[in-house]
Structures are given as structure tokens and as C-alpha cells.
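What follows is a single structure, written as C-alpha cells, with notes after it.
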Number of protein chains: 4
Amino acid sequence: MLNIRTDLALEARELYKQDARQEAEVPGVEVETDGQEELSVTRVRITSEEGSNAMGKAMGNYITIEVPGLKNKDQDLQEDVCRVVAKELLNVVKIGKEATVLVVGLGNWNVTPDALGPKVISSLMVTRHLLEYVPEQIDKGVRPVCAVAPGVLGLTGIETGEIIKGIVDRLKPSLVIAIDALASRRMDRISTTIQIADTGINPGSGVGNKRMGLTVQTLGVPVIAIGVPMVVDAATMANDTIDLMIDAMLAQMEQGSAFYETLKNMDKNEKYTLIQQILSPYVGNLMVTPKEIDTIIEDVSKIVANGINIALHEGINLDDVNRYVH
Amino acid sequence: MLNIRTDLALEARELYKQDARQEAEVPGVEVETDGQEELSVTRVRITSEEGSNAMGKAMGNYITIEVPGLKNKDQDLQEDVCRVVAKELLNVVKIGKEATVLVVGLGNWNVTPDALGPKVISSLMVTRHLLEYVPEQIDKGVRPVCAVAPGVLGLTGIETGEIIKGIVDRLKPSLVIAIDALASRRMDRISTTIQIADTGINPGSGVGNKRMGLTVQTLGVPVIAIGVPMVVDAATMANDTIDLMIDAMLAQMEQGSAFYETLKNMDKNEKYTLIQQILSPYVGNLMVTPKEIDTIIEDVSKIVANGINIALHEGINLDDVNRYVH
Amino acid sequence: MLNIRTDLALEARELYKQDARQEAEVPGVEVETDGQEELSVTRVRITSEEGSNAMGKAMGNYITIEVPGLKNKDQDLQEDVCRVVAKELLNVVKIGKEATVLVVGLGNWNVTPDALGPKVISSLMVTRHLLEYVPEQIDKGVRPVCAVAPGVLGLTGIETGEIIKGIVDRLKPSLVIAIDALASRRMDRISTTIQIADTGINPGSGVGNKRMGLTVQTLGVPVIAIGVPMVVDAATMANDTIDLMIDAMLAQMEQGSAFYETLKNMDKNEKYTLIQQILSPYVGNLMVTPKEIDTIIEDVSKIVANGINIALHEGINLDDVNRYVH
Amino acid sequence: MLNIRTDLALEARELYKQDARQEAEVPGVEVETDGQEELSVTRVRITSEEGSNAMGKAMGNYITIEVPGLKNKDQDLQEDVCRVVAKELLNVVKIGKEATVLVVGLGNWNVTPDALGPKVISSLMVTRHLLEYVPEQIDKGVRPVCAVAPGVLGLTGIETGEIIKGIVDRLKPSLVIAIDALASRRMDRISTTIQIADTGINPGSGVGNKRMGLTVQTLGVPVIAIGVPMVVDAATMANDTIDLMIDAMLAQMEQGSAFYETLKNMDKNEKYTLIQQILSPYVGNLMVTPKEIDTIIEDVSKIVANGINIALHEGINLDDVNRYVH
């Protein structure tokens, strides 16, 4: 009933361990961390059904790049992150150098915090048509890339997954990369964390609600999902506020007292009732987002787009990108 | 070499008759006109291959609604035109009352005179998802309608036709309605003429260049095209300027004189050379459009959208529309 | 330190009474309510300095129109609300029928929940230039109205108040109407409550932060502010969550017990520390808003714009509006 | 009656010399050219009333940067042009290093070919508020720059000149830089020519029609205008087509023949009648523009914005720009 939403595997793992009050790793999950605090890369691998159930995430690899400094507009750091995104992406892209890639920008371009996908598309090197019609104008080391931002169910009347399935069946790309704005649990992850997953996108992920997934099972080609948290779900925030409050009070109380036990065992239903009161009439449909989300989206979308641009085209580096971007 | 561009069957017919210097109807073409000067409806039917070749248009029905007064913002007239669009559309829509319709908004949303298609989509009653997920909230007499604005080749790297073919193969709608900004020959048709064709869209139509058509042959379902001229091709305008000039001079000259004949027989190559000089380096890629094209597009897109809205949904009239439009 | 933000006088009054734990009216404040639950109008009048300090609002009249049903897309109800907005506006607009009005759309058009002001401007009947250049084309009973959406400090580098002050000093309108997205305390007020205040806009109001007010004192002409809540401040939501939690626990505890007293007296600093933990690193800069904020803003902006349109122009009713709106 | 429109001093000079059929320089005009064909800079100085009347332009300096290669997306060339714009701008900016500059983006953001001004503003380093509120975060060598895109008369009901005059009187900047899309005579100048003028903007310049100028006389501070042709006026194109046609025919005819003389002396009225026929009902209100104007505007606006950015801030070079741009 009460669904603490996070789209990050990293946070799903934290949640599990917290609920289970244990230090040991989640069974069926392997974790590995690189780098320092300024720029770290955590690789979570879910290797079994058990791990998948514990985490509420599909089996596969989830790479999380965390860069707290991205909040400040530091161009050198942004370029470093582009290169890290490209490098990590290359580890999971397993197709030939000339194979076609379809990039899908998910989300609603009319709602700023949900517009990451469409914004990335608009900074992407789209080359498929050029290679087809004017190949002589194209540099070596450029592969065919095409891109769509299909819009959301409320605008089209069609599940995003159906639109993409139709296009994929027609174009037969070798790989789909799907970009989406995510919901994290913590505010400090907004715009500073980039998750790359080789599992594709499963129903219910992302800021909007998708009913049909974008995965190798549904599309028939591998799908890599790239997401950046842009919001915290308001129900999650309310829940975490209550939990923090309980912890704070427990710390002040005598252990073993009647109320201590009451508080400790406050059940999910009670919490849910409180949260409903706070969020009514929206409940699961409210997002918490920074006021300056417009400039945040601009910056992050360029980092993600350029990370993809230099990863997909062997012959292209950051300085070349501009020439191809409309 | 010199291509006098018009997307209107009405004008193709005028051109043919003018070139052939004849009053008789084009062979294989039937024409019928209704209404008065303020609001007339011309039905051009191309019935044979010969007619199709003569006109440079596919065989089928082309209905042209002409309303010179649309240039003035007259709300009553606009509503009348909505109803005429709906009525004419119903004459060519031959599907069951509950059959699904996919509306496609062609064109580039970043170029004002080419944005008609996407703009119409944004004023459309999109109902397919509502009928699927919340049927109890939907009025009687509402059919499933879905909509996409796929963007142009330069933005996606994919032929529009391929995107639509993929979606149609997946969704299997009973009908596609494709909206596009057109190029006419005459300025006074801009925003005052609406063409409805049951032939779909053939390669090369519209303000942008499409290489793959949207027709019953390519998509496997009937396609109705709705278009409104938003530009005149600059090469067409230059050509017509030259022709008018020649006519004006011929009128002043002695018939039979040497120069009279020279002028009368000025050939297409000479004209093309002149036009190239004027338009270089763009030639076939320049459009002539009014400065206030932004407000024109707003008005026309609402007329077309509401014409479609009340045609497709039996239970909906102009007053109800707002409730469904996001 | 902990600032429970509300831009609604109605809620400021509730907060005061709640803090003071009293039923009596706030001193220096008069309140009057009309209508029923479906559509009620509350008039709060702050008549003294004491009332102003208690409420944290300038002296003057605050009219609050509450329509819970606005959440559903009901066109008839929307038109009713337009008329109520117009009627209430006319009660506070005290200028001649031909006097010029400047409408100011505050907020950031790049951030959906803050875009109400600019959106209203785009549906407004702007007539000042028409009356000056083509008076013969204008109906009787139309006054000169002009409009600007100046953008926010981050985009212009200039305080909004300074831009407006400059324009007002130059144009010398008889009245300024300023539109802004507001922050309320409760989610159920989002998009269902419209506040009209004859006090203008004071620093710190609205979703963004303005440092200079728009008032008769700063601009030299009367200023009417129209606002609609589009967000709840995240700090306010966290605070209210904690308060609800405390109330819930108090209800379960024995009055007079040690912890009961601790909890009841939990001070603002403790709460603030908790809230900071939840919201860090954004604290005062996070907004809670519905996912479908794009369609909400579309609907509300039309209601407010048309309310203004029919209030300002004696000769115009809802059916005429379209003819003037670009 | 027939107004051959060009906003470029360079072309006004060509027109004058062509009409006067003379090789000698226009009296009261000095011209100087630098550079090569790939990137040339022409400096036209109008030094007397006589020159001003002959040219139809205010007295002052007009610097024209011509770069035919800008049509191709060559990032290195674009950066070179940024630096040339900056250098030429510095020659006419005569204010202290810490003096405030207001940049004004003229034109209509809803009409793609008229959106240059607003687009430049969105890529500009806006620093005035940062220097005021967070000076410690700002690099040395950054001056206060603020920016507005006031919109056009049809959207605001207010002359652009009045809005700017109001803001300038309030802010008292040391300099105004006004950006506008221009109309040239020749298609090949679209997007490849940048004009910098220290005369400000005079009524009637630009794609839209402004009635009040932006000059040192109207604003009380120096005004530098930066413009790039984005359209050719359709009446100008029609006129030039007729002229070319006449020239082509004259070349084929016997000099001295009756018709030769008729043609040679074809007067402005006859031409105007022809042009009216072609352009009716729009006449002076049609623009000719490339179909890919959206990508053209993107590129050119970045070049102009960055030229301004590095010219105005001594401590900033092209690599630093991103950090300040929202």
C-alpha cells in the first residue's frame, strides 16, 4: 500500500538493508565501488531472482555515477562526467561499430522536471539520415544514430512502449538507449547522480507511470536505460520525514517503555493514513523538485547527450560534437 | 527542372488548364463546386491515370474549402468552418463509430510555418487511453482517437513514413488522418483554404520534403490528409512574377513582332536560370510566409482540430470539446 | 528560522488561529464568506497594523474564491468561475472605463509550476496598440490593456520590480494587475483557489523570490494581485507532516506523562533540524507539485485570463474573447 | 511607394550606386574593407547628412562581417567569428570595464525567423544580479550585464521602444546593445552576414516594424545594434526578379528600339502594380526565409551571444562561457 519509490538500484539496496537492519550484502547482489567522493562509480549487479525480488529491480547491471559537485556549474567537471558516462556506457554497449542505435527520450516536455528525455534528444548527434543521404559529408567513425521523443500517454493516447515497439520492429536497430527522469529518495541526488542500466526500463519506473516496459523482452533488442533523478516522490518524502521523526524521538526515550514500543512498531497502515492526509487529493502523484529545475535540466541533458555522443561514435570527441547537433 | 510547386489539387488543375490554354476540364478529372464566395467547397475527383498524370496528383477525392474571411479573426465564421470541415470529413471517413483513428501531425514544431501538424495535435481530443483505462468517465459517442507528432527527418534521423508505418503496424487503427502545412501558389490562399484528400500524403508534398508517402498502399489502412497552405514556395513566386511580367509586356507589344515571339516562347531553362540567380544558394528551399504566421497558425490549428474533434466523435459538439483537450 | 510559507491570506489566518489556539477572529481582521462549498468566496480584510503583523500580510482586501471542482475539467464550471473572478475583480478595480491597465505576468516560463503569469498573458486581450493604431476596428466598451511577462531575476539580471517600475513610470497606466503562481499550505488548494488582493505583491510572495514589491507604494499606481496556488513549499509540507505526526501520537498518549509534555513542547529548532535533514541541500528552495501540472496550468491560466478579459472590457463577454486573443 | 527594403548599410550603398549608375563612392560615405573572401570586414562610415539621406541610414559606423562559410556547421569557423564579433564590438564599446550593459533581444519568439534577439538573450552571460548578491562567486574581469527580450507590439500592446526606455531610465546602464533579425536583399546573406552599428536601431528596421527607435537620442545612452539577416522581404525579391528579367531582356534586344526604351524606362508604378498582384493580400508583410531556419537561428544566436560574452567581460574567454549561461 505504501510504496517508497526510488528508481535507483543503489537506493533500493540501501532500503533493503535498512529494513532488514543488516550490514551484509543483499543476497544475489554484488556491489563494487570506484573513485572518490567527488566522482564515484558504484556497480550493482543483481545476479539472481532472489536478489531481484529483494531489490524490486530486474536482474542485470546498474552503474551509478555520483558527482555531488555537479550542482555547481563547473564546465571542466561537466566534461569529465561526460567522459565517465561515455566510458561506462561503452562497457555495456556490445554491438558493432557500424550498428544502428535508436535513442528514446522519455517523459513529458511540458513538465520541466519530466523533460530530461526530450531535452537529451535535442542535444544528440542524429546521423542515420546523413549516412544514408549524404555519406560523403560524414566523418569516419560515425555510426547511424536516430532518436525519438514519443511524448506521454496523456498527450498521445498510446503507451510509450507501444510506440517504441512499433518503431523498433520497423527500423530494427541493434540497440535502444532510453533516457528518463528518475525519482530518487534523497534530495541531494537530484541532478548529481546518473544511473546506467543494461536492464532497460521496467513498468512503473521514471517520473511518469509507464505500463509497458522497454526491455529486451518487449522490444527484442537490448535496451540500455540512462536516468538522472530530477524529483523525489512526495509520498516518499513524507514517509522519510515520519521515519526521521520516529528515530529522533526514540533516541530521546527510555528503551522498553510502553510508548517506545508503540512508536517502534508503528505500522505501515498508520503511516500511510498520515501521508494520505498530507498529500490528499494527490497521494501518489506529487513530486518534490528544486525551483531552479530549468537550469538543472539544461545542464544535465547536455552532459548525458554528450556522454552518449562520444560513446557511440568512435571518431568523435567533445570538440567535434557541435558540428552535428542541430 | 523548374518545378512550380503547389500542394493543392485545385491549383494543379488551374496550372494544367493554363499551360494547355484550354477551358475544357482536365481529362480524367471531375469538378463540382458548392457554396458562395464567402465559403465555397470545391470537390475535385481524379478518376483515371490520365487525370493523375495531368495533375501530378494521385487518383482520389480532393475537397477544398475556401474561406477568404478566415484572415480576419471572426469567431462565428471560424466555428462555421469547423462544422464544414467536420461535415466534409464525415463524407470521406468510412469506418465504424467505435473504430480507432490515429491522427498524425506532420511538420517541424521549431519552424513556425511548418508547425501546423504538431499544433493541431495539441488541440485534439485524445481519448484512446481514457476509453481503455477509465471508460466510465467518458461520454457516449466518443471513439478511441490517438495522436502523434513524429518530428522531421532532421530531428529524428528517421523518415516520418517509417515511424508512422511502425506505429500503424503495431496499433492497427482503422484510419489515419495526417495533418500538414502546405505550399500553395497564391498568397491569398495562405490560411484561408483547407484541403481534405482521401489519397493520403504522397512523397514530396507538404512544406518539408518527405520521401516516403503516407497512403493506404504504404500503411495498409486508409489515410485522409488535411492540409492548409502556410507558405508559397519562393521559386514558384519568382516564376509567377516572371510570367506576370511577360504577360504585362506582351499586352503592350505589337503581336507578331520579333520580340513578341521571343518573349512568348521564353523557355523554361531561361526562366530557371533567372530564378536560380535570385534564390541562390537556396533555390528549392525557400518559403514565403506572412510575418504574423504565429497567430495565423494558432487560429487555423484550432479550426482543423475542432473540425476533426466533432467529426470523429458522434456525441461531441463544439461546446464539449474543451473538457477533453489537455 | 522556520518559515511556514503560505501566500494565501486565508491560510495565514488559519495558521494564526491555530498557533494561538483560539476560536476568536484575529484582531484587526474581518472575515466574510459567501456561496456554498462548491464555489465559495471568502473576503478577508486586514484593517489595522496589528492585524497586518498577526497575519504577516499587508493591510487591505484579500478575496479568495474556492472551487474544489476545478480539479475536474468541467467547462461550464470553468466559465462560471471566469464570471466570479470578473465580478470580484470589478469590486476592487476603481478606475474609469477608458483608463489603461497594465497586466504583469510574473514567474519563470521555463519552470512549469511557476509559469502561470506568462501563460495568463498569452491568453489576454491586449488592446492598447489596436485602440491607438486601428481604433475603427475595435468594439465599443473595450479599454486599453497592455501586458508584459518580464521574466525572473536569473534570466534578466534585473529585479522584476525594477523592470515594472520602469515601464509603469513610462506608460503611466491607471492600474497594474499582477498575476503570480502561489504557494499554499495544502495540496487540495492547488489550482482550486484563486486569490485577488488589492494590496499588490509584497516581497517574498509567489513561487520565486522577489525582493522588491509591486505595490501602490513602489509603483505609484494601484496594484491588484491575482494568484493561484500551484505548489506547496516542501519545508511547509515537512513541517505539517511532523505536526500531524505529533498530534497523532499525542492522541494516543496519556496526558501529563513526561513524554507527552516533551512532545507537546517540541520546539521550532528541533523541527527545523529535522526538516533540514530531509530537504538538504535545498531547504527553502523545493516545491511540491502535481505531475499533471502542465494541464492544470493550461486550464487555470485561461480561467484567470478570461476573468480579467470580461472584467476590464465592459463591451466584451466570454463569447467575444477569442477575436482579440492572438 | 515601392520600398526596396534592406537593413544592411552595405546593401543600401550598393543600391544607391546602382540607381545612380556610378562607380564613385556615395558622397558623405567612407568605406574600408579588411580580410579575405572567407571572412571579410567592411566598415561603412556615414559622415554627413548628405550621406545619411543618400543611404537612408543614420550617420555613424556600420561594420559588416561577411562569412559565406557560416552556412556550413564548422565549429572552428564559428569560434573564429565569435572572436571577430568580439573584436569589432570592442572597437565601438567605449565604456569603463565595470560599467553596466543592458542587452535587448528584439523580435517575436513565436516566429522562427524573427526570434534571433530572444535566442541570443538565452545564451547570454547575465551577471548583474550575481555581482550584486553573490559577488564572491564571480570571477575577476566580469562586468554587470543584464538582458531583456521585451516581445513585440502585438503581444504586449506597447512599443518596444517604450518598454526599453522605461527600463533604461530606471536602471541607467552605460550602454545598450540591441539584437535584431534583419532583412537583406540577397538570399546568400541570410545567416552569413553580421552587422554591428553604433547608431542604434531606427524606426522601421528589423523584420518586424518598430515605430520608436532605440538610439542615444531616444534612450539617452549609447546604443549598439547587432543584426543578422534572416529573411529577404518578399516585395524586394519580387522587385529584384523583375529587374533581373528586364536586364536579361535588354541584353537580347536591339538598343534604341522602341520597346527597348519602354522597358528601360518601366517606371516604379508599373513595377509596384505587378508586385502587388503577386503578393496580395499581404504586400509589405511577407518574408522569404529558408526552410531550415530553426537550425540556422540556433547556430547564429550562439555566435552572436558568445561574441558579446567575450567582448563585454575582460576576464572571460570562450571556454569559460558555459559556467555563466543558464
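Here is how names work: the chains are called A, B, and so on, in the same order as the sequence lines, proteins then strands, and each is numbered from 1.
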Practice item. Could you grab the distance from atom CG of L155(C) to atom NE2 of H129(D), nearest 0.5 Å is fine? Key: 8.5 Å
Check your understanding: Counting only heavy atoms not in E314(D), do more than 12 sit closer than 6.0 Å to its CD atom?
Key -> no
Check your understanding: Heavy atoms, side chains only, cut-off 4.5 Å: are D169(D) and D169(C) in contact?
Key -> no
Point to revise | For chain C, the option from T156(D), V103(D), I163(D), T127(D) that forms the most heavy-atom pairs under 4.5 Å | key: T156(D)
**Study point:** Approximate separation, where rounding is to 0.5 Å, of K165(D) NZ and L171(C) CG
**Key:** 13.0 Å
Practice item. List the atom of R128(C), the atom of E159(D), and the distance in Å for their closest heavy-atom pair. Key: NH1-N, 4.5 Å
Check your understanding: Would you find more than 12 non-hydrogen atoms of other residues, nucleotides or ligands less than 6.0 Å from Q276(D) atom CD?
Key -> yes
Exercise for review: Assess whether atom CD of E132(C) is packed by more than 12 heavy atoms of other residues, nucleotides or ligands within 6.0 Å.
Suggested key: yes
Check your understanding: Top residue by heavy-atom pair count (under 4.5 Å) with chain C, among I167(D), N110(D), L102(D)?
Key -> I167(D)
